[in-house]
Structure formats: structure tokens, C-alpha cells
Participant: 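Before I ask anything, here is the structure I am working with.
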Amino acid sequence: MAAGPPAGRKRVQNRMAEKFVAKASEMTDGDRRIVFVGDHEIGVFRHEGRYYAYSNFCLHQGGPACEGLTIAKVEERLRPDKTSQGLYFSETEMHFVCPWHGMEYDMKTGECVSDRKMKLKKYQVLEKGDEVYVVA
Amino acid sequence: MDLIADRGRRVTVEELNTSRLLAHARKQAVQRKLDDMLIVDVDAHHYENENFKEFIPYMENDVLKQLTMQSIAKSRGGIMPQNVGYQDMGGRVTRYPMRGSEKTDEKGHLRDVQLGHRWMDAMSVDYSCLFPTGMLNIGMHPQKEMEVELCWAYNRWLTEEVMPNAENRFFSMLCLPFNDADEALRQVETFGGRKHVGGFMVTTVRNTGVQENQYMKVYRAIEERGLVLSFHSGPNWAEPIFKTCNRFLSVHALGFSWYNILHCTNWVINGMGERFPKLPVVWIESGLAWVPFLMQKLDHEYMLRPSEAPLLKKKPSEYMRDMYYSTQPMEIQDMQALECTFRMINAETQLMYSSDYPHWDFDLPSTISDLPFLTEKAKHNILGGTAARLFKLPPRNEKQKANLQKFGNLTAAA
Ligand code: FES
């Protein structure tokens, strides 16, 4: 799954390394790549034209947090009288799900949605022309 | 393959490969040197429904066998009582929908054995106690004779075809047809001496009282053979009280605890600990939070109403502390509460690690090895030492042997 840098391009040797992820033209919305930088395993998602990168180690039992399903947040809508209208998929919020036990994370923040104090490490993503890099 | 997400959107995933899915479990095992520790998983599962064609022929009654064979061949009928359930969480737990896509060696061991070895190797589990999945509902079968026949066929297949061809890494506590005590006894007598049989298991989703007189001969037969009796819990949305629940989460959380709370209460209050003092009893797959609750509740009532539990010579909690518990699904949200629970059940000698893999809420060995309040001895005992003693399982390498020795678990195991 991890893509290598294009031939002839040198990896930046700073303490913070830029790791090639993919060509932007090869990633469409809903795509993800897993890249490895030293001990880091990073999931890079493309969602609504933007890139999000998080640690691939789930905060529950260490599963591959970024390798599961992406699925919209489930909401329960209430009427003004507090009765339930039932369950709906959110129009705006996307989650990614750890495949081991189903823990859900907020695509835009990396927060665990059942306890937002728990947050996956977030990595910076750089777009350079048609190339996408993650900084680790 | 594609999984269906919201609004029919398709998310592409690769084929399932258990070793790859559990790569992080392997990493944990290496970091923690778990291979040096004998690890026994006292509750793992396979999907026996994928093997109906293999074991249904072992049914004894020709008419019931024909009925069942036809049903699994082409008819639409089901042969096991079924429950509504969403264990896969709408595909979020991907190994459920992707299960069929995993490749195994057709010339190798049985598929279930190959898959089992993959997850065991990833987690550093040396031995697994193999239990069925759908048959955990067998107690709700409307026909007693079908429960008997299905258990018989499954137990023969497991002891004759599966476990002997699995490099001695699986053992089982065989499923008892508990709605027919005479037949349960016959199965204890038939299978109790077979290799890889560590004991017998009662599925707790059922409506019979474990204290009823008809069962005493079954318990005695298990005790006489030096085997273990276990109670394996499960959820049941069809249970009238659970019909009030509108979410699977609720039914699952309550059901798994409830059936063991119920049967453990009857077991303790009716003095089974006095009647069968040498019979090891294990309560499986209810997690642990229910145990302190029940200990306190039963002690409280017993102090005031001892005349309703005249066989007891000590408090209910003390009998509960004589029994064993499997860890999973371990409630780990409040570390102080968990520590208190471990103290109350004498975890160092009474608790045994279980994964429940491949089910959705499995636990890794690191759930135990990473606990901050446990001694080294307690970790070794819980992860495998206690089970090694109970089921007489030998170490698989020299370091495991040394560790078993160090913590006093070797003598019986080797
Ligand atoms: S490890 Fe990710 S949900 Fe459990």
C-alpha cells in the first residue's frame, strides 16, 4: 500500500521527514494510503478534496485505526417535544472506523467520537504540485 | 472487494488476511516478549455453521439427520435457533463481511484450524479453547432431541476431525445438550476421556435452572473425571425482558452479563460449591464487572435470609471466589474499579485470559500484560499459568517452561 517517492527524488533527511504519499491525481475522495516513516504508521485520507493524516495505531487496543471503513456519523434527531425521529447519517460529518472493534474517529480532527478527549496523533500533509507528502 | 457505507456508498477494501489484519497484535507480542510466556486463550470461536456439511453426517438418528441434511443442502429452513444481532456493526468490523474472502491452503489443515493458527500466532496465544458460535443458542432449540443430536454430531466432529489435526493447539469444553440431562450424561461419558477435551460447557441462554436435581449426575460425572465445567454466556433479544431494548448494544451488554448472573446465583445459593467441591467451574464471556455486583448482592441477602440457602457454610462471595472467570470483554474504563474487581475475585488464581476472537469485541493479551496494578506472577497466571494447571497444558518452549516453573505452574502442566 505504501507508495515510494518518484525515482530521482531524494528523501528529506531532517528530523522531520517528508514522506511521499501519492500523486494527487491518483487519489480521489474516499481514498486512503498507509505510509511508514520509521516507527510511524500513518493513514492519509482524502475527504472532500482535503487530506487528513493520522497515526494508524488505535487508542483502544492498538489496532490499525486507519485501515477500516469510512462511514458518515450516525445521528439521532429529536423533535421539539423531545420524541425521537430516528437515526440518520450525517450530511456533514465523516468518520473512519478501526476495523478491530469498530471504534470511530472524526475525519477532520482524529478525535475518538465516543470520548473526544482521546485523539489520534495528527500529521501535517503537504501538497506540492501533483504530489502529496506527509510530515513525520 | 467493496463494503457498503452510508447511502450505498462503496468503500473498497482488500481481501481479508488475518495475519495482516492482526499485524499490530504481532508487534505488541514482540515488544512485550509474549512468546516467552505460555498464553492460553480459554474462549475462542469458530463458525461451525460453515462446516455443517462436515459434521451433520455424525447425527445418530436417521430421520433427524435426513431432515437436517436436506435443510442445509437446498431448502430455506434453518437448523439452529437464530437471534437478531448486528455483531459486525454494519460492516464496521470488517472481518465479518470479508470473512469469505480470506484464502487458506486447500491442502493444509481444515480452514478453521488454519485461520485459528493465524490469529493465535499473531497474538502469541499458545493454546485456544475452541467454542462454536451459532450453537451458543442451542439451549433455545424448540426440540430437545435436535439439541442432543446437534451437540453429539458437533462433539464427535470436533474430537475426531478438528482437534486431532491442529498440532495440539486447540482444546475444548464440549457443548452439552443441557435440556436433556440423561443425554448430557451420555455425552460426558462418551467424550470425557478423549484427547483435547478439557471439560464441558453449558450455554447459558436457556430457561432451565442449573440447580435442578436432574443435573447432579452430570456434574458428578464431570467432577469424577477431573474435568472442568463452564458456563458460556450470550445475548438473546428474544428474551421477553430484552424486548424493551431498541439497540443491540443494550441487549449485548445486558444479555452477556445477565445469563451468567442468573445461573451463577442459582449455582451458589443452592450450595453447588458444597455438593461438588472438587469441580472447577468457569464463568465465560460476561466480562468482570458483574462479579463484584453479584458478590455484594448475594452476601447482603444471605446475611438476612440464610434459611433459604441452608447448604451454605460461608458467604456466597466466598463460593464465587472459589470459581474461575474468563477475562473478556474486560471493562477497562475505570482502572480503580477494575483493580477492585481483581481483588474481589482473587484474580491471581481465579482469572483466565480469553480473547473471544474472532468475535467483534475480542481482547488481546496486552489487555492483561499492560495492567499497571498486577504483579508479574499475576500476569503470568492470568495469561496462561492458571489455565495450564487446570487443563494440563505443557509449555511450548524453554522460556515458557522456565516461567511456568518460576510462578509455580509447571508441575501439573508438564
Ligand atoms: S483496537 Fe481499534 S477499535 Fe479496538
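Every heavy atom of this structure was used, including side-chain atoms; hydrogens, water molecules and symmetry mates were not.
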Participant: Side chain, backbone, both or neither: which part of Cys98(A) has an atom under 4.5 Å from a heavy atom of chain B?
Facilitator: backbone

Participant: Specify whether Phe45(A) and Tyr54(A) have parallel, tilted or perpendicular ring planes, treating 30° as the upper limit for parallel and 60° as the lower limit for perpendicular.
Facilitator: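 Taking Tyr54(A) first and then Phe45(A), their aromatic rings sit tilted (interplane angle of 30° to 60°).
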
Participant: Picking from Pro99(A), Gly68(A), Ala72(A), which has the most non-hydrogen pairs under 4.5 angstrom with chain B?
Facilitator: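 Most pairs with chain B among the choices: Pro99(A).
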
Participant: If the plane angle is over 60° it's perpendicular, under 30° parallel, otherwise tilted; pick one for Trp119(B) and Tyr357(B).
Facilitator: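 Plane angle between 30° and 60°, so tilted.
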
Participant: Let me know if Phe362(B) has heavy atoms under 4.5 Å from chain A in its side chain, its backbone, both or neither.
Facilitator: both

Participant: Go through Leu22(B), Ile332(B), Asp361(B) and name the one with the most non-hydrogen pairs under 4.5 angstrom from chain A.
Facilitator: Leu22(B)

Participant: With respect to chain B, which residue among Ile71(A), Val97(A), Leu69(A) yields the maximal number of heavy-atom pairs within a distance under 4.5 Å?
Facilitator: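 Going by pairs under 4.5 Å, I would pick Ile71(A).
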
Participant: Using heavy-atom distances under 4.5 Å, tell me whether Asp31(A) contacts chain B through its side chain, its backbone, both, or neither.
Facilitator: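 Contact with chain B is absent: no heavy atom of Asp31(A) under 4.5 Å.
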
Participant: Tell me, with the steps shown, if Asp115(A) and Lys117(A) meet salt bridge (Lys or Arg N to Asp or Glu O under 4.0 Å).
Facilitator: CA-CA 5 Å; Asp115(A) 181 353; Lys117(A) 290 193 292 298; 3.5 Å; yes

Participant: Listed by residue number, which members of residues 244-258 of chain B have a heavy atom under 4.5 Å from any heavy atom of chain A?
Facilitator: Arg247(B)

Participant: Between chain A and each of Val13(B), Asp370(B), Thr12(B), Leu364(B), count heavy-atom pairs under 4.5 Å; write down the option with the most.
Facilitator: Leu364(B)

Participant: Looking at Glu91(A) and Arg7(B), is there a salt bridge between them, counting it only when a charged N and a carboxylate O are closer than 4.0 Å?
Facilitator: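 Looking at Arg7(B) and Glu91(A), the cut-off is met.
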
Participant: With a 4.5 Å cut-off on heavy-atom pairs, point out which of Asp88(B), Leu3(B), Asp363(B), Ile4(B) contacts chain A the most.
Facilitator: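 Of Asp88(B), Leu3(B), Asp363(B), Ile4(B), Asp363(B) has the most heavy-atom pairs under 4.5 Å with chain A.
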
Participant: When you check the side-chain N and O atoms of Thr18(B) and Glu102(B), is any donor under 3.5 Å from an acceptor?
Facilitator: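 Yes - a donor-acceptor pair under 3.5 Å links their side chains.
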
Participant: Can you confirm whether the side chains of Glu285(B) and His359(B) place a donor and an acceptor under 3.5 Å from each other?
Facilitator: no

Participant: Between Ser124(B) and Asp35(B), does any side-chain donor sit less than 3.5 Å from a side-chain acceptor?
Facilitator: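 A pair is found: one side chain offers a donor N or O, the other an acceptor, under 3.5 Å apart.
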
Participant: Counting heavy-atom pairs closer than 4.5 Å to chain A, which one of Arg92(B), Lys27(B), Arg9(B), Arg95(B) comes out on top?
Facilitator: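 It is Arg92(B).
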
Participant: Which is it for His117(B) and Phe170(B) under the ring pair (Phe, Tyr, Trp, His ring centres under 6.0 Å) test, yes or no, and what are the steps along the way?
Facilitator: CA-CA 9 Å; His117(B) 286 170; Phe170(B) 288 114; 5.7 Å; yes

Participant: Is the gap between the ring centers of Phe96(A) and Tyr52(A) under 6.0 Å?
Facilitator: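 No, the ring centres sit 6.0 Å or more apart.
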
Participant: Donor-acceptor check, side chain of Asp29(A) to backbone of Glu48(A), threshold 3.5 angstrom: yes or no?
Facilitator: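 Yes, because the side chain of Asp29(A) sits within donor-acceptor range (under 3.5 Å) of the backbone of Glu48(A).
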
